[in-house]
Amino acid sequence: MSSDVSTPAVIIKAEGVTKRFGSVVAVNRVDYELREYEVAGILGSNGAGKTSFFNLLTGYFIPDEGRILYQGQDVTRMTPQERVALGMMRTFQLTSTFDNLSVIDNLVLAFFRAHRKSSLWQLLTNTCKQHRKDEKILATLASFDLERVANREVSHLGLGEKRRMEIAMAILAEPKVLLLDEPLAGLAESEIKGVLDVLQRQVGRQTILIVEHKISHLEHFLQKLIVMHEGRIIAEGGYECLQSPEVRKSYWQIDEAAA
Ligand SMILES: Nc1ncnc2c1ncn2[C@@H]1O[C@H](COP(=O)(O)OP(=O)(O)O)[C@@H](O)[C@H]1O
Ligand SMILES: [Mg+2]
């Protein structure tokens with residue numbers, strides 16, 4: 001309620017969104033609210049609808065029914081680029097990094113692309129070099145623990161380093177909401193800690209929404225979560241909601257009768 005000053009404003013809202021693929025209902029009339037500066041998670045087993053819902057929020061899918069609001073504005077039919085311009089940023093996908101350029105040049109490109117200071121072509125031809133010493137770029141390298149690999153070609157990075165670079169590239173655009181789909185997928189234990197450390201530093205600066213299949217590494221990180229199953233939200237709240245009977249059955253696949 002607007003009269004309650006202690007409750008942060010809703011930044012992203014989904015109202016009854018549905019996404020179908022033929023006869024499959026990937027997202028089924030989902031209502032959802034994300035508040036400013038929350039660190040929220042979407043959990044669920046494979047095929048639960050997490051990525052489809054994420055794609056509806058970020059504009060990669062248009063819902064068959066329902067609306068998506070961003071800061072009260074209807075963005076349901078906006079493109080991903082238009083949403084990024086409003087401050088909703090998903091981590092760069094592997095395809096939008098330049099693997100034959102260095103880490104530092106990827107950061108320079110992400111920063112200037114986001115702030116539209118030069119065309120990509122200008123940057124690639126001459127200005128990349130001159131911006132390698134920009135304060136913002138150097139500070140980002142340091143805070144994402146990428147200094148050691150700053151001059152390394154992206155194709156030679158480990159997966160954990162690359163994931164940190166992708167998050168750094170997203171952060172350089174100074175988004176209000178950072179959306180990440182399985183940021184820990186495929187990482188070794190040691191790399192997971194590195195990625196969580198850099199995300200931890202963003203808490204309080206951005207609203208963060210993370211989609212993950214497994215809860216195991218996020219136990220002390222998320223403030224609020226939802227669990228999806230067959231396109232629906234089956235539980236919502238703090239970690240205690242992971243113990244609800246429906247979550248035990250659908251997500252943990254614990255058979256209460258047998259147990
Ligand atoms: N592009 C697509 N085309 C057809 N079916 C899809 C597509 N994307 C997802 N689905 C189906 O939608 C359901 C939810 O998938 P998804 O959103 O990827 O789940 P999750 O991310 O939770 O694993 C699954 O049944 C999946 O097969
Ligand atoms: Mg997925």
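We use all heavy atoms of the structure for the numbers below, so side chains are in, but hydrogens, waters and symmetry mates are not. We're numbering straight along the sequence, starting at 1. Whatever order the structure lists ligands and atoms in, that order sets their numbers, starting from 1.
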Which heavy atom in D99 sits nearest to a heavy atom in K162, and how many Å separate them?
OD1-NZ, 3.3 Å
What is the closest protein heavy atom to atom 16 (P) of ligand 1, and at what distance does it sit?
S52 OG, 3.7 Å
In terms of heavy-atom contacts, S45 and H229 come closest through OG-ND1, 4.2 Å
Ring center gap for F54 and F61 short of 6.0 angstrom
no
Any nitrogen or oxygen of F61, main chain or side chain, under 3.5 Å from a nitrogen or oxygen of ligand 1?
no
Starting from atom 12 (O) of ligand 1, which protein heavy atom do you reach first, and at what distance in Å?
A26 CB, 3.3 Å
Hey, which atoms in ligand 1 end up nearer than 4.0 Å to a heavy atom of T51?
17 (O), 18 (O), 20 (P), 21 (O)
Is atom 9 (C) of ligand 1 close to the protein, meaning a heavy atom under 4.0 Å from it?
yes
Measure the distances from the heavy atoms of G49 to every atom of ligand 1 and state whether one is below 4.0 angstrom.
yes
Has E219 got more than 12 heavy atoms of other residues, nucleotides or ligands less than 6.0 Å from its CD?
yes
The closest protein heavy-atom partner of atom 2 (C) of ligand 1 is F21 CE2, 3.4 Å
Same cluster or not: L242 versus F221, using hydrophobic residues (I, L, V, M, F, W, Y) connected whenever any side-chain heavy atoms lie under 4.5 Å apart?
yes
Per-atom contacts, ligand 1 versus N46 - under 4.0 Å to a heavy atom:
23 (O)
Any chance the side chains of H217 and E189 put a donor and an acceptor closer than 3.5 Å?
yes
Any luck finding a side-chain donor-acceptor pair between T18 and R29 under 3.5 Å?
no
Any nitrogen or oxygen of A48, main chain or side chain, under 3.5 Å from a nitrogen or oxygen of ligand 1?
yes
Strictly by modelled atom types, are E246 and S244 linked by a side-chain donor-acceptor pair under 3.5 Å?
no
Are any of the N or O atoms of V24 closer than 3.5 Å to those of ligand 1?
no
Measure from atom 19 (O) of ligand 1 to the protein's non-hydrogen atoms and state whether any distance is below 4.0 Å.
yes
Check whether any N, O or S atom of T51, backbone or side chain, sits closer than 2.8 Å to the Mg ion (ligand 2).
yes
Please answer whether the main-chain N or O of G16 pairs with a side-chain N or O of D31 as donor and acceptor at a distance below 3.5 Å.
yes
Out of curiosity, is G22 lining ligand 1, as in a heavy atom under 4.0 Å away?
no
For S45, the ligand 1 atoms whose distance to one of its heavy atoms is below 4.0 Å
22 (O)
What is the nearest protein non-hydrogen atom to atom 23 (O) of ligand 1, stated with its residue, atom name and distance?
G47 N, 2.7 Å
Are any side-chain N or O atoms of Q202 and backbone N or O atoms of I208, one a donor and one an acceptor, separated by less than 3.5 Å?
no
